[in-house]
Amino acid sequence: MSQLSITVDGRAVSVTDDQRPTHLFAESKEIVVCKINGELKDLWTDLKEGDVVEGVSISSPEGLSVLRHSTAHVMAQAVQQVFSQTRLGIGPPITDGFYYDFDPERPFNPEDLEKIESAMRKIVKDGQRFRRRVTNEADALKELAHEPYKCELIGIKSGAGEEASVEVGGAELTIYDNLGRDGQPVWSDLCRGPHLPSTKHIPAFKLMRSAAAYWRGSEKNPMLQRIYGTAWPSQEELTSYLELLAEAEKRDHRRLGTELDLFSFPEEIGSGLAVFHPKGGIVRRAMEDYSRKRHEDEGYEFVYSPHLTKAALFEKSGHLQWYSEGMYPPMVMDEELHADGTIKRAGQQYYMKPMNCPFHNLIFASRGRSYRELPIRLFEFGTVYRYEKSGVIHGLTRARGFTQDDAHIYCTKDQMVGELDSLLTFVLNLLRDYGLEDFYLELSTRNPEKSVGEDSDWAEATEALRKAAVAQNLELVLDEGGAAFYGPKISVQAKDAIGRTWQMSTIQVDFQLPQRFELEYSATDGTRQRPVMIHRALFGSIERFFGVLTEHYSGAFPPWLAPVQVTAIPVAEAFADYLASVVKEFKAAGIRIDLDASDDRMQKKIRNAQMQKVPYMLIAGEEDQQAGKVSIRYRNGEQKNSIAVADAITEIRSAIADRKQV
RNA sequence: GCCCCCCUAGCUCAGUCGGUAGAGCGUUUCCAUGGUAAGGAAAAGGUCACCGGUUCGAUUCCGGUGGGGGGCUCCA
């Protein structure tokens, strides 16, 4: 036995050559994997002279991934225990958890998941060691002959498919064996690793759901059954994760839409087509009114365009060529047929509009334009219809009919930089006014394979977007090659109250449409120039933004958006008349107030208003009536007594005017 | 579009191993006049999503359609 000189967490140490990282970190339970010379490795890895070893905690991002990937292995083993005829796909870690794809004899049901989960608990309890074993292609193919999907992965290893990187990838082909108490393998899986030292290092996990997924993510491949699970460094973290999910479910805008009587999706109308009820209508109108006002201040002009157009317009814009699947099919008008059914007169095809830009372009092109008019900013709450695939429709956030807060800016090249800069500031400030505070930006750049336009134009526009983004002092994420073919884009991602990110606004430069529509203006020297066109939507769609805000506020809208701002509650019926006169004053002050004159008891009325998430309750009984005052009860349960009516009105009006949350 | 699951009163859900159904909340009426999150009683309310098949008989079993959910793929 000889000595090795190595570095452990920055300290030089000397160890015998039979020592492995698992021994070095034996004292620290949270160290479950390590980096050796910068590479993530198992704790069972052999050490060499001069190795630089760092412990990696189970709570670090890398540690969590290893934990979750190892849990995925445990799940796969359990599945094959319970359903021996199941073939394995892949099983990577994902945000908050992991999944594993299987090809079972029949799809899994919830009872199956319980069985699998208890088999997993047993495996965890067994404390099976994960052992890495290097193999080669021929041996692996032989050993895994009964696993066709694994064999396929070995086959594509040379191609180094991204999605297969957890299983293969890397320089060597490796198999991980799970060793039982007697040191003999009980289960094996093709895997790159690394893994936890043993299954007993899995502190807390839970299987979440099963669903289907295409093998290797392609519609053309067979459908596999995917089981999702989650795993955490402690039971407490698992519990708080599950609580977060429960909280998200409570905030689900589809559920709140029913509970608060905001909107619905009547089956009679069709999938993905919403109606807004009176209360939802108030919220929506408040959102729109404020947006309209701010756009006015910002120099936008308001236009309107029809929901229908002849096919020629979308042929000109190109939408029919590349987007017809996403459009509702055409209506054929004025077609005349002969008695034998042949066409006598060809009809005219009309389409529902999936976008507003072509209409705005026609407005721009309706007469000659001078550089003196630019920039021209045309704004419309434009309702569009897109035939989304049935499986993707989701409440208000992914609908088939929705209204964009859409605007198109036509400017000169010289104006572009300033325009983008002020636009982004405008967008972010407006989102802040609606109560979103936490943003990051994403810049999508050109994909050279699939794009139109001059290199210099792309470079210039991308740089202008980048500058505008940097000026905001927000985190900027680069989405290399992610732009649509017609121009670069910035999107604003916003975090909601429980930390979920939503893509909100997009700002996009377009090199395609000005050409297709031959848009021009007269420049100072009298020449005809092509304007730069910028597409932008702040909400994306009003419906979607409505859904996001509903979830962000959990239905407890700030007073300026709340459908009912105040509920007036008499302590007893005798005081209803007095409160009715107070209510009149509030109404005269422009406050949305309801008097609850039902024969419920006061306690019940408070409960009802509370459940409807009304920001203020106005309560009055004997004492208040005598003094000509009211009590204010706030949504959080706090209370202010004996407030003069005029003072109450002032307080509530200013909260509304300032768009404060209470 | 694909895979799996679901659709029972306005809402949330029981239930019927095939013999046409029940609760709570809500609604209506009555009683109660109550100072900070559910006072009491009675009543009304259902082609068990729709269409077809099997059956003496279907809400229940089978098939199709519509709608919804969870994923996958997609989102100009």
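First the proteins, then the strands, lettered A, B, ... as listed; each starts at 1.
Aromatic ring centroids of A:Phe314 and A:Tyr351 lie 6.0 Å or more apart. Under the 6.0 Å cut-off for aromatic ring centres, A:Phe364 and A:Tyr410 qualify, their centroids lying closer than that. You'll find the ring centres of A:Tyr385 and A:Phe402 outside the 6.0 Å limit. When ring centroids are compared, A:Trp232 and A:Phe205 stay outside the 6.0 Å threshold. Separation of the A:Trp322 and A:Phe485 ring centroids falls under the 6.0 Å cut-off.
A salt bridge is absent between A:Glu388 and A:Arg400: the closest approach of a Lys/Arg side-chain nitrogen to an acidic carboxylate oxygen does not fall below 4.0 angstrom. A salt bridge is absent between A:Glu117 and A:Arg209: the closest approach of a Lys/Arg side-chain nitrogen to an acidic carboxylate oxygen does not fall below 4.0 angstrom. Look at A:Arg607 and A:Asp600 and you find no salt bridge, because none of the NZ, NE, NH1 or NH2 atoms lies under 4.0 Å from a carboxylate O.
As rounded to the nearest Å, B:rG46 and B:rC5 have C1' atoms that lie 25 Å from one another. To the nearest whole angstrom, the two C1' atoms, one in B:rG57 and one in B:rU29, are 40 Å apart. For the P atoms, the distance linking B:rG10 with B:rG26 amounts to 16 Å, nearest Å. Atom C1' of B:rC50 sits at a distance of 31 Å from the matching atom of B:rA43, rounded to the whole Å. Separation of the P atoms belonging to B:rU16 and B:rC11 is 23 Å when rounded to the nearest angstrom. Between B:rA44 and B:rU60, the distance separating the two P atoms is 27 Å to the nearest Å. If you take atom C1' in B:rC74 and the same atom in B:rC3, they sit 16 Å apart, rounded to whole Å. Distance noted for atom C1' between B:rC7 and B:rC51: 15 Å (whole Å).
Checking B:rG34 for Watson-Crick or G-U wobble geometry (two distances, each under 3.5 Å) identifies no partner in any strand. The pairing partner recorded for B:rC11 is B:rG24, the criterion being a Watson-Crick or G-U wobble arrangement whose two distances lie under 3.5 angstrom. Of all nucleotides present, only B:rG1 satisfies the Watson-Crick or G-U wobble test against B:rC72, with each distance under 3.5 Å. Look at B:rU59: it lacks any Watson-Crick or wobble partner with both distances under 3.5 angstrom. Pair assignment for B:rA41: B:rU29, on the basis of Watson-Crick or G-U wobble contacts that are both within less than 3.5 Å. Here B:rA49 sits opposite B:rU65 as a Watson-Crick or G-U wobble pair (both hydrogen-bonding atom distances under 3.5 Å).
For B:rG70, the OP1/OP2 oxygens have a side-chain nitrogen or oxygen of A:His394 closer than 4.0 Å. When the side-chain nitrogen and oxygen atoms of A:Arg601 are compared with OP1 and OP2 of B:rA32, none of them lie within a distance under 4.0 Å. Regarding contacts with the backbone of B:rG26, a side-chain N or O of A:Lys604 is found under 4.0 angstrom from either OP1 or OP2. One finds a side-chain N or O of A:Ser390 lying less than 4.0 angstrom from the OP1 or OP2 phosphate oxygen of B:rG1. Side-chain nitrogen and oxygen atoms of A:Arg398 include none within less than 4.0 Å of the OP1 or OP2 phosphate oxygen of B:rC75. Contact annotation: A:Tyr616 side-chain N/O to B:rU36 OP1/OP2 distance is not under 4.0 Å. A close approach under 4.0 Å does occur between a side-chain nitrogen or oxygen of A:Arg254 and OP1 or OP2 of B:rG70. Regarding contacts with the backbone of B:rU73, every side-chain N or O of A:Ser218 stays at 4.0 angstrom or more from both OP1 and OP2.
Computed from coordinates, the A:Asn221 CG to B:rU73 P distance equals 11 Å when rounded to whole Å. Taking atom NZ of residue A:Lys389 and atom C1' of nucleotide B:rC75, one finds them 9 Å apart after rounding to whole Å. Distance A:Asp112 CG to B:rC5 C1': 13 Å, rounded to the nearest Å. Between the CD atom of A:Glu573 and the C1' atom of B:rG35 there is a distance of 16 Å, given to the nearest Å. A:Asp101 has its CG atom 12 Å from the C1' atom of B:rC3, to the nearest Å. Whole-Å rounding puts the A:Arg226 CZ to B:rC5 P distance at 18 Å.
Closest to the side chain of A:Ile606, out of B:rG34, B:rA37, B:rC11, is B:rA37. If you check B:rC74, B:rG71, B:rG35 against the side chain of A:Val571, the one that comes closest is B:rG35. When the nucleotides B:rG71, B:rG66, B:rG35 are ranked by their closest atom to the side chain of A:Glu623, B:rG35 comes out on top. With B:rG71, B:rU73, B:rA37 as the candidates, the nucleotide lying closest to the side chain of A:Ala212 is B:rG71. When distances run from any side-chain atom of A:Arg633 to the nucleotides B:rG67, B:rC72, B:rA37, the shortest one goes to B:rA37. Considering only side-chain atoms of A:Glu219, the nucleotide from B:rU73, B:rG35, B:rA32 that sits closest is B:rU73. Comparing B:rA37, B:rC4, B:rC72 by their closest approach to the side chain of A:Gln610 singles out B:rA37. Taking every side-chain heavy atom of A:Glu267 into account, B:rG67 is the closest of B:rG67, B:rU33, B:rC2. For A:Met611, counting side-chain heavy atoms from C-beta on, the closest listed nucleotide (B:rU73, B:rU33, B:rA37) is B:rA37. Checked against B:rG1, B:rG70, B:rG66, the side chain of A:Ala211 finds its nearest nucleotide in B:rG70.
Residue A:Gly326 is classed as having no contact, given no heavy-atom separation below 4.0 Å to the nucleic acid. Nucleic acid contact for A:Phe265: none, since no nucleic acid atom lies under 4.0 Å from a heavy atom of the residue. Among the atoms of the strands shown, none is found under 4.0 Å from any heavy atom of A:Asp510. Among the protein residues, A:Asp599 comes within range of the nucleic acid bases, having at least one heavy atom under 4.0 Å from a base atom. No contact: A:Glu388 has no heavy atom under 4.0 Å from any strand.
Along RNA chain B, the nucleotide nearest to A:Tyr387 and the one nearest to A:Glu259 differ in position, and the one closer to the 5' end is contacted by A:Tyr387. Mapping A:Gly391 and A:Gly272 onto RNA chain B via the closest heavy atom, the residue that lands nearer the 5' end is A:Gly391.
Between A:Thr501 and A:Tyr440 the shortest side-chain heavy-atom distance falls below 4.5 Å. Side-chain contact between A:Arg530 and A:Gln515 is present, with at least one heavy-atom pair separated by less than 4.5 Å.
Taking the ring axis of A:Tyr214 as reference, the NZ or CZ atom of A:Lys220 does not stay both within 45° of it and closer than 6.0 Å to the ring centre.
The base of B:rG35 lies close enough to the side chain of A:Asp624 for a donor and an acceptor atom to sit less than 3.5 Å apart. Looking at A:Tyr214, its side chain comes within 3.5 Å of the base of B:rG1 through a donor and an acceptor atom. At a cut-off of 3.5 angstrom, the base of B:rU36 holds no donor-acceptor pair with the side chain of A:Gln603. Looking at A:Ser631, its side chain comes within 3.5 Å of the base of B:rG35 through a donor and an acceptor atom.
Enclosure of atom CD in A:Glu518 is not indicated, since only 12 or fewer non-hydrogen atoms of other residues, nucleotides or ligands lie within 6.0 angstrom.
Within residues 305-312 of chain A, no residue has any heavy atom closer than 4.0 Å to RNA chain B.
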